[in-house]
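The next block holds one structure in the form of C-alpha cells; read it before the comments.
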Amino acid sequence: MERFASVERKTNETDISLKFGVDGEGNSSIKTGVPFMTHMLDLFTKHGNFDLSVDAKGDTEVDDHHTTEDIGICLGQTLLEALGDKRGIKRYGNAFVPMDEALAQVVIDLSNRPHLEFRAEFPSQKVGTFDTELVHEFLWKFALEARMNLHVVVHYGHNTHHMIEAIFKAMGRALDEATTIDPRVKGIPSTKGML
C-alpha cells in the first residue's frame, strides 16, 4: 500500500499544492518562491528518500513568513494522512548529521502528540534574504500538523547556512527511520493500542 497524500491550501496570503510520498526515491519538484526553503526541502526529500512536490505562491513581497509557515502546515498534514494508523512503523527516529563545522541532531517520535523542542542559536539573522527565525516557525507548524514530537538540537557550528542545512538533512534521515515499516512490529507501536 502506497503511503502518499496531497493537499491544497488557499488563503488570502498563500496558494499551495503539495504532494508527499513516504516511500519514495528522493525525487523532488519544488517551487516555493522562497529560494532558501526550496533548497532545504530538496535536501530533506533527498536524505529521507521521500518524494515531494510543492507548488507554492505567496505574498513574498511582504516577507517569506506566510509561505514558509503554510508549507510546514501542508507538509505536516500530508505526512499525518499518508501514515494512516501507523501500523507497523518503527515510530522513533534519530539522526546526527555534520555539515562541515556544524553538527545537528534530530529525534522524532510519531506519537500523535505534537511538540517541538528547538535548541539552536544561529549566528546570523538572515541567510541571503531568508529570516532564520522562520526555521523554528516551519518546524513548529510541521510538528503540530503531523502530530509528532520533533526535537532539534544544533550541538555546535558557526556558519548559519551549514547549521540549518544539517537540521534539514538530519530531519529527513530521522523521519525516514521513524516511518520505516519494521516486520517485527505487530500492529500499532504503542502499549496503548493506538497513537
Side-chain angles (χ1 to χ4, degrees), residues 1-34 36-60 64-93 106-118 134-152 167-168 170-181 188-190 194-195:
M1 182 173 150
E2 185 181 15
R3 296 184 294 172
F4 172 86
S6 63
V7 68
E8 292 189 2
R9 176 183 172 88
K10 190 166 187 172
T11 72
N12 290 333
E13 299 162 341
T14 62
D15 185 353
I16 297 171
S17 174
L18 188 148
K19 300 173 184 175
F20 183 68
V22 176
D23 306 305
E25 298 177 342
N27 298 320
S28 62
S29 174
I30 301 171
K31 292 180 279 186
T32 68
V34 182
F36 188 72
M37 271 307 299
T38 299
H39 179 40
M40 293 302 108
L41 290 170
D42 188 47
L43 295 169
F44 163 76
T45 304
K46 177 63 72 176
H47 287 268
N49 290 305
F50 308 123
D51 287 339
L52 177 63
S53 171
V54 181
D55 187 4
K57 299 172 185 69
D59 57 354
T60 53
D64 296 336
H65 184 107
H66 298 137
T67 304
T68 301
E69 178 182 32
D70 286 9
I71 291 170
I73 289 170
C74 291
L75 186 62
Q77 289 174 345
T78 55
L79 174 61
L80 184 66
E81 182 181 338
L83 291 177
D85 65 6
K86 302 175 184 166
R87 188 174 302 274
I89 65 168
K90 286 189 173 182
R91 178 179 163 179
Y92 299 98
V106 174
V107 184
I108 288 173
D109 176 10
L110 296 171
S111 60
N112 208 36
R113 294 188 309 276
H115 181 80
L116 172 66
E117 197 65 34
F118 186 76
L134 294 179
V135 174
H136 181 279
E137 191 68 30
F138 172 85
L139 295 173
W140 167 228
K141 293 306 171 9
F142 182 33
L144 181 64
E145 295 295 334
R147 299 195 58 81
M148 66 178 170
N149 273 207
L150 177 59
H151 291 246
V152 176
I167 289 171
F168 276 82
M171 185 167 68
R173 290 181 173 268
L175 188 60
D176 181 41
E177 180 181 358
T179 58
T180 296
I181 300 292
I188 307 299
S190 172
M194 65 175 290
L195 289 171

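Throughout, numbering of the chain's residues begins at 1 and tracks the sequence. These numbers were taken from a predicted model, which means no experiment stands behind them. No hydrogens, no waters, no symmetry mates; every other heavy atom, side chains included, goes into these values.
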Donor-acceptor pair, R3 side chain versus V22 backbone, under 3.5 Å? no
Which atoms form the tightest heavy-atom contact between A82 and A5, and what is the distance? N-CB, 3.9 Å
How far apart are the closest heavy atoms of T60 and G33, and which atoms are they? CG2-O, 3.8 Å
Checking I30 against T45 for the side-chain contact (heavy atoms from CB on, under 4.5 Å) test, could you report, in this order, the C-alpha distance in whole Å, the side-chain angles of both residues, the deciding distance, and whether it holds? CA-CA 10 Å; I30 301 171; T45 304; 4.3 Å; yes
Across all chains, not counting sequence neighbours, the ring pair (Phe, Tyr, Trp, His ring centres under 6.0 Å) partners of F20 are F50
Per the side-chain hydrogen bond (donor to acceptor under 3.5 Å, both in side chains) rule, which among D64, T38, T67 passes with T32? T38
With a cut-off of 6.0 Å (strictly less than), are more than 12 heavy atoms of other residues, nucleotides or ligands near CD of E8? no
Check for a donor-acceptor pair, side chain of S111 on one end and backbone N or O of R113 on the other, with a separation under 3.5 Å. yes
Residues at least two apart in sequence or cross-chain that pass salt bridge (charged side-chain N to carboxylate O under 4.0 Å, His left out) with K90, listed by chain then number, are none
Student check: side-chain heavy atoms of L175 and L79 closer than 4.5 Å: yes
I'd like to check L18 versus L52 (side-chain heavy atoms, cut-off strictly below 4.5 Å). Are they in contact? yes
How far apart are the C-alpha atoms of F142 and M148, what are their side-chain angles, what is the distance that settles it, and do they pass the side-chain contact (heavy atoms from CB on, under 4.5 Å) test? CA-CA 9 Å; F142 182 33; M148 66 178 170; 3.5 Å; yes
H136 vs F118 aromatic rings, parallel, tilted or perpendicular, using cut-offs 30° and 60°? perpendicular
Does a side-chain heavy-atom distance below 4.5 Å link I108 with L110? yes
Heavy-atom pair with the smallest gap, counting every atom of E145 and L80: O-CD2, 3.6 Å
Evaluate S29 against S53 for side-chain hydrogen bond (donor to acceptor under 3.5 Å, both in side chains), listing each step before the verdict. CA-CA 5 Å; S29 174; S53 171; 4.6 Å; no
Is atom CG of N12 surrounded by more than 12 heavy atoms (other residues, nucleotides or ligands) closer than 6.0 Å? no
Under the salt bridge (charged side-chain N to carboxylate O under 4.0 Å, His left out) test, which residues partner R147, sequence neighbours left out? none
Closest non-hydrogen atom pair between C74 and I16, with its separation: SG-CG2, 3.9 Å
Quick check for you: to the nearest 0.5 Å, what is the distance between D59 atom CG and T11 atom OG1? 7.5 Å
Distance col, row H47:NE2 vs D176:CG, nearest 0.5 angstrom, shows 11.5 Å
Distance (rounded to the nearest 0.5 Å) between L83 CG and F4 CZ: 13.5 Å
State which residues pass salt bridge (charged side-chain N to carboxylate O under 4.0 Å, His left out) with E81; sequence neighbours excluded, sorted by chain then number. none
Side chains of K86 and N112, heavy atoms from C-beta outward: is any pair under 4.5 Å? yes
Where is the tightest heavy-atom contact between P114 and L144, given as atom of each residue plus distance? CB-CA, 3.7 Å
Between F44 and F138, does the ring centre distance come in under 6.0 Å? no
Going by salt bridge (charged side-chain N to carboxylate O under 4.0 Å, His left out), name the pairs with one or both residues in residues 41-55, residues two or more places apart or in two chains. D55-K57
Kindly write out the residues that satisfy salt bridge (charged side-chain N to carboxylate O under 4.0 Å, His left out) with D70, not counting sequence neighbours, or none if the list is empty. R9
If you measure from the Lys or Arg side-chain nitrogens to the Asp or Glu carboxylate oxygens, is any gap between E137 and K141 under 4.0 Å? yes
Rounded to the nearest 0.5 Å, how far does CD1 of I89 lie from OG1 of T180? 9.5 Å
To the closest 0.5 Å, what do you measure between NZ (K31) and CG (L41)? 14.5 Å
Side-chain heavy atoms of L139 within contact of M171, under 4.5 Å: yes
Do you know the tightest heavy-atom contact between Q77 and V7? OE1-CG2, 3.5 Å
Sidechain-backbone polar pair: T78 side chain, L75 backbone, donor-acceptor under 3.5 Å: yes
